[in-house]
Protein chains: 2
Amino acid sequence: MVPLDFESFIHRIEAHPQLQGVGLRTVYQKGEYIFKQGEICQKVFCMHNGLVKLYYNTQDGKEWIKSFVLDQGVLGSRSSQLMGKPSPFSALCLEKTEVQSYPYKRFAEVCLDDHDLVRDLFNFLQWLGVKKEIREYQLLCLSAEDAYKDFLHTNPKLVERLTQVDIAHYLGITPIALSRIKKRLT
Amino acid sequence: MVPLDFESFIHRIEAHPQLQGVGLRTVYQKGEYIFKQGEICQKVFCMHNGLVKLYYNTQDGKEWIKSFVLDQGVLGSRSSQLMGKPSPFSALCLEKTEVQSYPYKRFAEVCLDDHDLVRDLFNFLQWLGVKKEIREYQLLCLSAEDAYKDFLHTNPKLVERLTQVDIAHYLGITPIALSRIKKRLT
DNA sequence: CCCACGCGTTAACCCAGGTTTATTTCAATG
DNA sequence: CATTGAAATAAACCTGGGTTAACGCGTGGG
């Protein structure tokens with residue numbers, strides 16, 4: 001069941017007869033936003049390639065990174081999709097990124113009415129749940145040093161394409177603290 | 001869509017013709033485990049009343065609490081259900097708790113094959129996703145003090161039924177640190 | 001070619017929270 | 001009624017990470 005084959009999942013979505021002509025292909029350049037914190041964005045984005053960071057800006061001017069989406073993936077703001085509320089985080093492209101977007105409600109209806117697609121969607125939600133459970137475990141149970149080692153080990157390809165600032169803000173520490181950890185580990 | 005009506009959701013599950021006689025009713029007393037960290041538990045538990053804590057024991061002998069489930073809810077170990085792996089956390093009853101358990105695979109099949117139930121399940125997974133997103137935000141972006149204030153505000157009924165030790169371990173700090181925070185807030 | 005800027009690193013200082021130990025209270029049990 | 005043990009608090013000390021500031025490096029634009 002898990003792991004998920006995004007390639008096939010996204011292909012089946014895009015091939016679905018009831019979604020023909022509904023999707024919108026967009027190419028974002030490095031530095032462009034898919035959506036910004038505070039905006040209401042009721043789309044779902046099927047990502048084909050690229051690198052996106054989802055992050056929060058706090059009141060005291062800090063940035064903390066919720067997650068990265070690399071190459072294939074599905075993303076959006078649940079708060080906006082489900083409740084029509086402003087997104088609590090932004091989606092910023094760190095590299096050129098190609099996505100296909102659908103109105104969320106239509107997307108969900110089509111998936112729920114399709115015997116096969118609903119299974120794909122269900123698998124995706126379960127896969128995402130496992131991912132988020134691991135993330136929760138790291139934030140709750142691991143020291144910054146252990147979380148960093150874990151991140152290096154689990155995401156070697158991602159690490160190469162990120163700055164130390166972004167890695168630190170994903171781990172919940174400052175880049176200075178990360179620099180100290182790296183020094184400690186040598 | 002969100003918030004979720006657990007009462008109706010669980011009722012529809014238990015009333016489903018293909019789940020008749022499949023579920024097992026169990027009453028756990030305070031201090032009893034529904035499942036333990038390290039065990040493989042491929043059931044899903046529909047909780048009717050009670051209070052459960054889901055928590056990790058780390059190698060260095062510490063306990064960190066993933067979440068609480070109060071009164072109505074659905075719980076289980078995704079790692080076990082989906083991948084047949086040992087559960088990374090335990091489910092311990094803090095009060096007398098009544099649950100109805102189903103083999104996960106059967107439960108999922110029945111839900112996915114039922115036009116209405118699959119919508120309930122989908123809503124539940126989305127609701128859970130929103131919950132977990134908020135939890136991630138608290139662990140990533142908030143100080144212990146702010147997370148505590150947030151917890152008090154969002155879970156007033158839960159707070160009354162928990163010890164300070166458990167609240168602290170949910171927040172990711174020691175009970176001593178929580179005691180200091182409480183002192184600071186007066 | 002030079003300048004500005006973002007990135008990574010280092011150092012000095014500060015603070016929130018961890019660790020250890022001890023005391024008090026209170027509820028459960030013998 | 002006495003004993004035990006868990007919970008909460010407190011004090012003293014330690015430590016990892018935050019803050020601020022400075023410096024070197026590479027890169028891209030003027």
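Letters A, B, ... mirror the listed sequences (proteins, then strands); counts begin at 1. Fair warning: this is a prediction, and the values are worked out from it, not measured in the lab. Only heavy atoms go into these numbers, but all of them, side chains included; no hydrogens, no water, no symmetry mates.
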Do the rings of A:Tyr33 and A:Tyr55 sit parallel, tilted or perpendicular, given the 30° and 60° boundaries?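 Rings of A:Tyr33 and A:Tyr55: tilted, as their planes differ by 30° to 60°.
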
Name the orientation class of the two ring planes belonging to A:Phe124 and A:Trp127 (parallel below 30°, tilted from 30 to 60°, perpendicular beyond 60°).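 The arrangement is parallel - the two ring planes meet at less than 30°.
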
Does B:Lys132 NZ have over 12 foreign heavy atoms under 6.0 Å away?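 Enclosed: over 12 neighbouring heavy atoms sit under 6.0 Å from NZ of B:Lys132.
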
Side-chain touch A:Tyr28/A:Phe45, heavy atoms, less than 4.5 angstrom: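 Yes - at least one pair of side-chain heavy atoms lies under 4.5 Å apart.
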
Give a yes/no verdict on a cation-pi contact between B:Arg135 and B:Tyr170, requiring under 6.0 Å between NZ or CZ and the six-membered ring centre and an angle within 45° of the axis.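 So B:Arg135 does make the cation-pi contact.
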
Kindly confirm or rule out a cation-pi arrangement of A:Lys66 over A:Phe89, judged by NZ or CZ under 6.0 Å from the six-membered ring centre and within 45° of its axis?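 Pair A:Lys66/A:Phe89 counts as cation-pi.
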
Without decimals, in angstroms, what is the distance between B:Tyr148 OH and C:dA16 P?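 These atoms are roughly 18 Å apart.
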
Going by the rule side-chain hydrogen bond (donor to acceptor under 3.5 Å, both in side chains), which residues pair with [X] if we only count those two or more places apart in sequence or in a different chain?
| X | answer |
| --- | --- |
| B:Glu133 | none |
| A:Thr58 | A:Asp60 |
| A:Thr97 | none |

Which angle, rounded to 10°, do you find between the first-five-pair axis and the last-five-pair axis of the helix from C:dC1-D:dG30 to C:dG30-D:dC1?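 Computed angle between terminal axes is 30°.
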
Going by number, which of residues 157-166 of chain A have a non-hydrogen atom under 4.0 Å from DNA chain C?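 Contacting residues: A:Thr163, A:Gln164, A:Val165.
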
Heavy-atom protein contacts under 4.0 Å, nucleotides 11-28 of chain D, coded B base, S sugar-phosphate only, - none: SB----BBBBB-------

